[in-house]
Amino acid sequence: MASAAVAKAAQAAQATATTSWRVKVGIEIHARVLARSKLFSGASTSFAHDLANPNEQVALFDAGLPGTLPRVNAACVDQAIRTGIALRGTVHPTSIFERKHYFYGDSPLGFQITQQRHPIVSGGALHVVLKDNSKEEEAARANKRKMEEKQRKKNEKKAKKKKNAKAAQQAEKEDAAATQASVDADDGNAADNTTASIEYRSLPQCTVRITRIQLEQDTGRMLPTLDGQKQLLDLNRAGTGVMEIVTEPDMESPQEAAEFVQTMQTLLRTVGTCDGNMEDGSLRADVNVSVHAPGINSHRVEVKNLNSIRAVSRAVEVEALRLVTEYRDVEPDDLPTMARPAETRAFDALEGVSRVLRSKEGAADYRFFPDPDLPPLVIAEERISNLALTMPPLPEEILARLQGPELALSQDDALVLFHEPGGVAYFDQVCVELNKIPEVSKDGPSQAANWICSVLLGLGEMSLRETLHPAFVAGVVDMVAKEEISRLTAKKLLSESVGDLAAVDPRPIVEANAWFQINDDAVLRELAASVLGQLAATPKGRKLISDFHGGKDALKGSFIGQVMRASGQRANPRLLEPIVLDELRRFQ
């Protein structure tokens, strides 16, 4: 009997080790509508830009006073229509506002007006182009291998110092545990041997289907006092228009979920229907996560109110890992006892864990019914058609233009500019200035994009339009292309000039600092001969030159580097290399 139980346990462990788990993710985006007044009242929404004191922009209806009636804000309706058009959804000529009942301090009405069953938009999809993280992932794997090799050598060294095998074995166990903890800390996640068993989908792009877009009211804000004994209520936000954008569970990795939210954020900003600022709550995401293996489907978990792209990715990863841990050791016969309702959890970004808030309510709990104070929302086809004519270029069109034959940007640079607020507009201004320069390089746009992404966007919280005049950036790009300055000088020039929006021409700065690149063959040859001659006059230098001629080609970079330093980093490396190699032959 005992041997049979052991065999069954071993078989279950083997099955667990080889089980392939997949994750399914659906997302609900809560996007605050860009409008001057609230959804059902005339109260201002300028509080969102810190232009009002608490409870200063609250209409009587927002406060839930008896006898007050809602009045639909047409501007909010138009913004929802524009969002639906951008997502290629179906804008319904008739939709219905309903009451969703629940009691909480930040909802003075005792219900929320929403569109759960008859939304203003249904269907549609968002195409998401994913960043290529293969280089970063390979670097992380290489770093992990390096750490493991370093720890292995450390273990061997410690083992040799031990006087008996038992002590050496104990030291190895302790060090192995320390290594795993170090690797897990580097990843920012708790250690768990199920990480490798979750197969996240890895594709260059994916399409996420949109279920619906519904217009609804936002709640107020409850803020705890410093002593934690009381809650302060600010109703400035109460009644603000919100678009809830619900997706199908089409995402199968943390990266897909995070980049879907980022792409949606950029689309809303492009269309002008939401400012997309997650840090101040204008855009919030709820992720619905479940895990699946052959014969096993977990319950669904909703993680609420994620306020950053990074938090979306980490929440999906942490929750998928937690669910796999919960279900991995369950026998198939025990699965019915695991059945449970969907639950709602909060994610703690500092600790990297989620905590239970409540079990997930169903429609019956909320007692939906049509709002008796609001008739059906009827939208004329002509209104929808007119709004469609005002739509700006959509994300797919923008990315296609950036990566097209005329601009030829790399996918990475195109995505960075696309997601950066104002990034594409700034880049376009630089291209306009490039076209004014005679005999400009054909790859000027792609080079400009590279400089913007690699230098200007790495300068902190400053927006691109606050960094440098587009004409200045175009001038630097042109000088590099014509080999008037080196790339190192260009980086220094851009970094040190940031904030000087009056500067439109980099040439005077280059002239004043004598930063022009040395392109004269005679000057370069004289410089190389001098440096190599001084080197050959020392025993160590003669040995290096001898080793180079003996087959150590890697020393070439050292010789070129010494000449570059002697030139103040101004020598043209393309011209310098053959000159240095030619001069080295004189010392054979």
For N519 and E483, indicate whether the former's side chain and the latter's backbone hold a donor-acceptor pair under 3.5 Å. yes
For S567, which residues count as a side chain to side chain donor-acceptor pair (under 3.5 Å) partner, sequence neighbours excluded? none
Any heavy-atom pair between the side chains of V324 and V291 that's under 4.5 Å? yes
Going by atom types only, do S410 and D412 share a side-chain donor-acceptor pair under 3.5 Å? no
Would you call P421 and R269 a side-chain contact if the rule is heavy atoms closer than 4.5 Å? yes
On a heavy-atom basis, the closest approach of P438 and K482 is O-NZ, 3.1 Å
Once salt bridge (Lys or Arg N to Asp or Glu O under 4.0 Å) is applied, what residue pairs with a partner in residues 550-564 remain, sequence neighbours excluded? K556-E577
Is there any salt bridge (Lys or Arg N to Asp or Glu O under 4.0 Å) pair reaching into residues 500-520, and which pairs are they, with sequence neighbours excluded? E484-R507
When rounded to the nearest 0.5 Å, the distance separating CG of L126 from OG1 of T207 is 8.5 Å
K436: partners by salt bridge (Lys or Arg N to Asp or Glu O under 4.0 Å), with sequence neighbours left out: E433
Salt bridge (Lys or Arg N to Asp or Glu O under 4.0 Å) filter on R525, not counting sequence neighbours, yields D582, E583
Using modelled atom types and a 3.5 Å cut-off, is there a donor and acceptor pairing between side-chain atoms of S530 and backbone atoms of E526? no
Sorted by first residue and then second, give each side-chain hydrogen bond (donor to acceptor under 3.5 Å, both in side chains) pair with at least one member in residues 391-408; sequence neighbours left out. R401-D428
Does the side chain of V531 reach to within under 4.5 Å of the side chain of R565, using non-hydrogen atoms? no
I'd like to know if the side chain of R314 and the backbone of A349 have a donor-acceptor N/O pair within less than 3.5 Å. yes
For the residue pair L34 and G272, what are the closest heavy atoms and their distance? CD1-O, 3.6 Å
Is a donor on one side and an acceptor on the other found under 3.5 Å between the side chain of Q569 and the backbone of T489? no
M479 CE to L493 CG distance, which is reported to the nearest 0.5 Å: 7.5 Å
The reported gap from CD in E28 to OG1 in T247 (rounded to nearest 0.5 angstrom) is 8.0 Å
Is the closest side-chain heavy-atom distance between L203 and Q205 below 4.5 Å? no
To the nearest 0.5 Å, tell me how far I27 CD1 sits from E248 CD. 13.0 Å
From CA spacing to verdict: side-chain hydrogen bond (donor to acceptor under 3.5 Å, both in side chains), T263, T266: CA-CA 5 Å; T263 303; T266 303; over 6 Å; no
Rounded to the nearest 0.5 Å, what separation is found between the CG atom of L306 and the NE2 atom of H30? 10.0 Å
Between E256 (side chain) and E252 (backbone), is there a donor-acceptor pair under 3.5 Å? yes
